[in-house]
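Letters A, B, ... mirror the listed sequences (proteins, then strands); counts begin at 1. Heavy-atom basis, side chains included; hydrogens, waters and symmetry copies ignored.
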Amino acid sequence: AQSVAQPEDQVNVAEGNPLTVKCTYSVSGNPYLFWYVQYPNRGLQFLLKYITGDNLVKGSYGFEAEFNKSQTSFHLKKPSALVSDSALYFCAVRDLGDDYKLSFGAGTTVTVRA
Amino acid sequence: DGGITQSPKYLFRKEGQNVTLSCEQNLNHDAMYWYRQDPGQGLRLIYYSQIVNDFQKGDIAEGYSVSREKKESFPLTVTSAQKNPTAFYLCASSRTSGGMNTGELFFGEGSRLTVL
């Protein structure tokens with residue numbers, strides 16, 4: 001079965017510093033990977049996805065993610081974090097047997113201090 | 001504006017009662033989903049529907065039921081058989097491209113159910 005893990009429950013950074021949110025995956029075959037963001041008491045918003053092609057994927061709000069097959073990772077990055085980036089971030093992987101099913105990680109809470 | 005509307009936003013229920021959460025979308029998406037969110041556990045799939053009049057169980061379907069009579073609507077009923085129903089419930093939809101699901105989910109604002 002496909003799964004993702006987010007090894008950090010929380011990430012704290014200062015505004016203007018680089019932000020990285022980690023995600024590792026376990027997939028038999030080529031993975032379809034996603035990042036979503038959730039602001040307090042709201043639904044999730046799609047940020048970006050990797051299907052195939054370039055290992056560096058660019059998404060919304062200045063975020064990007066790097067796919068690394070040898071390390072089975074798909075870390076989310078932003079070169080310069082903003083206070084407004086403070087939110088809960090989820091990594092997800094699509095089920096290879098059913099492309100309607102996504103498995104989500106437990107989430108990482110990002111706090112950007114001014 | 002196009003989007004997904006969930007109602008009610010907050011709901012309180014006594015034990016033993018069934019409750020129905022509404023989800024409506026005007027994005028013209030074929031697929032719709034219900035997820036449950038609990039602190040520290042991410043999202044877990046309850047039910048999903050690829051097309052009208054068809055739906056499949058997700059990972060935690062026990063104690064829940066759904067219907068998909070219209071493309072725009074995918075209500076979720078939390079029955080009295082659900083042993084721990086207090087949670088945040090999220091409805092989502094997705095579009096297809098070239099006959100395949102894109103996997104890009106559009107979410108509603110959520111419904112928070114509390115069982116007293």
Side-chain angles (χ1 to χ4, degrees), chain A residues 1-10 21-27 30-52 57-60 63 65 74 87-109, chain B residues 3-7 9-10 21 23 25 27 29-51 54-61 68 74 87-112:
Chain A
Q2 286 68 235
S3 66
V4 290
Q6 295 180 241
E8 299 166 318
D9 291 336
Q10 292 198 356
V21 187
K22 295 180 180 177
C23 173
T24 59
Y25 65 88
S26 174
V27 172
N30 295 322
Y32 285 25
L33 296 159
F34 302 80
W35 275 103
Y36 286 83
V37 60
Q38 184 180 33
Y39 298 100
N41 296 311
R42 306 287 294 274
L44 280 69
Q45 297 178 33
F46 169 78
L47 281 177
L48 51 81
K49 70 178 179 183
Y50 171 82
I51 295 178
T52 187
V57 180
K58 293 191 182 298
S60 306
F63 283 95
F74 188 56
L88 183 56
Y89 291 80
F90 291 98
C91 182
V93 61
R94 196 170 82 176
D95 191 303
L96 291 179
D98 183 343
D99 63 353
Y100 288 86
K101 296 182 74 173
L102 290 186
S103 295
F104 286 83
T108 298
T109 300
Chain B
I4 297 189
T5 302
Q6 290 187 240
S7 63
K9 191 161 186 166
Y10 299 95
L21 307 181
C23 178
Q25 57 107 349
L27 299 168
H29 289 170
D30 286 318
M32 296 188 73
Y33 311 77
W34 275 105
Y35 285 89
R36 170 179 171 143
Q37 183 176 15
D38 296 282
Q41 293 193 42
L43 276 68
R44 292 181 290 168
L45 182 63
I46 304 172
Y47 270 96
Y48 64 105
S49 168
Q50 299 179 26
I51 199 168
D54 186 46
F55 49 82
Q56 286 79 40
K57 293 182 179 179
D59 300 318
I60 56 164
R68 186 85 188 276
F74 191 42
F88 191 51
Y89 291 88
L90 288 161
C91 179
S93 69
S94 67
R95 62 182 180 86
T96 56
S97 177
M100 286 185 61
N101 185 33
T102 62
E104 297 172 31
L105 300 179
F106 291 75
F107 284 85
E109 299 277 281
S111 293
R112 189 169 297 280

Peer 1: Between A:F90 and A:Y36, does the ring centre distance come in under 6.0 Å?
Peer 2: no

Peer 1: What part of B:T102 gets closer than 4.5 Å to chain A, counting heavy atoms only: side chain, backbone, both or neither?
Peer 2: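 Backbone plus side chain of B:T102, per the 4.5 Å heavy-atom cut-off to chain A.
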
Peer 1: Report which part of B:R44 has an atom under 4.5 Å of a heavy atom belonging to chain A: side chain, backbone, both, or neither.
Peer 2: neither

Peer 1: Distance to the ring centre below 6.0 angstrom and angle to the axis at most 45 degrees; does that hold for B:R112 and B:Y10?
Peer 2: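 The answer is no; the distance or angle limit is not met.
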
Peer 1: Do B:N101 and B:S94 meet the criterion of a side-chain donor-acceptor pair at a distance under 3.5 Å?
Peer 2: yes

Peer 1: With a 4.5 angstrom heavy-atom cut-off, is it the side chain or the backbone of A:R94 that approaches chain B, or both, or neither?
Peer 2: side chain

Peer 1: What do the steps show when you test A:K49 against A:V57 for side-chain contact (heavy atoms from CB on, under 4.5 Å), and what is the final call?
Peer 2: CA-CA 7 Å; A:K49 70 178 179 183; A:V57 180; 5.9 Å; no

Peer 1: Pick one of side chain, backbone, both or neither for B:Q37, based on which atoms fall under 4.5 Å of a heavy atom in chain A.
Peer 2: side chain

Peer 1: With a 4.5 angstrom heavy-atom cut-off, is it the side chain or the backbone of A:I51 that approaches chain B, or both, or neither?
Peer 2: neither

Peer 1: Check each atom of B:L105 against the heavy atoms of chain A and say whether the ones under 4.5 Å are side chain, backbone, both or neither.
Peer 2: both

Peer 1: In terms of heavy-atom proximity below 4.5 Å to chain B, should A:F34 be classed as side chain, backbone, both, or neither?
Peer 2: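 When you check distances to chain B, only side chain atoms of A:F34 fall under 4.5 Å.
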
Peer 1: Anything under 30° is parallel, anything over 60° is perpendicular, the rest tilted; go ahead and classify A:F63 against A:Y89.
Peer 2: tilted

Peer 1: Relative to chain A, which segment of B:L43 carries a heavy atom at a distance below 4.5 Å: side chain, backbone, both, or neither?
Peer 2: both

Peer 1: Do A:T108 and A:Q6 have a side chain donor and acceptor closer than 3.5 Å?
Peer 2: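 Distance-only check passes for A:T108 and A:Q6.
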
Peer 1: Hey, what's the ring geometry for A:F104 with B:Y35, parallel, tilted or perpendicular (30° and 60° as the breaks)?
Peer 2: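 Because their plane-to-plane angle is over 60°, the rings of A:F104 and B:Y35 count as perpendicular.
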
Peer 1: Working to the nearest 0.5 Å, report the span between OG of B:S93 and CD1 of B:I4.
Peer 2: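 One gets 3.5 Å once the value is rounded to the nearest 0.5 Å.
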
Peer 1: Taking side chain as everything from C-beta outward and backbone as N, CA, C, O, which of these in A:N41 sits under 4.5 Å from a heavy atom of chain B? Side chain, backbone, both or neither.
Peer 2: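 Contact with chain B is through both the backbone and side chain of A:N41.
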
Peer 1: Using heavy-atom distances under 4.5 Å, tell me whether B:F106 contacts chain A through its side chain, its backbone, both, or neither.
Peer 2: neither

Peer 1: Given a strict heavy-atom distance threshold of 4.5 Å, which part of B:Q41 is in contact with chain A: side chain, backbone, both, or neither?
Peer 2: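 Backbone only.
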
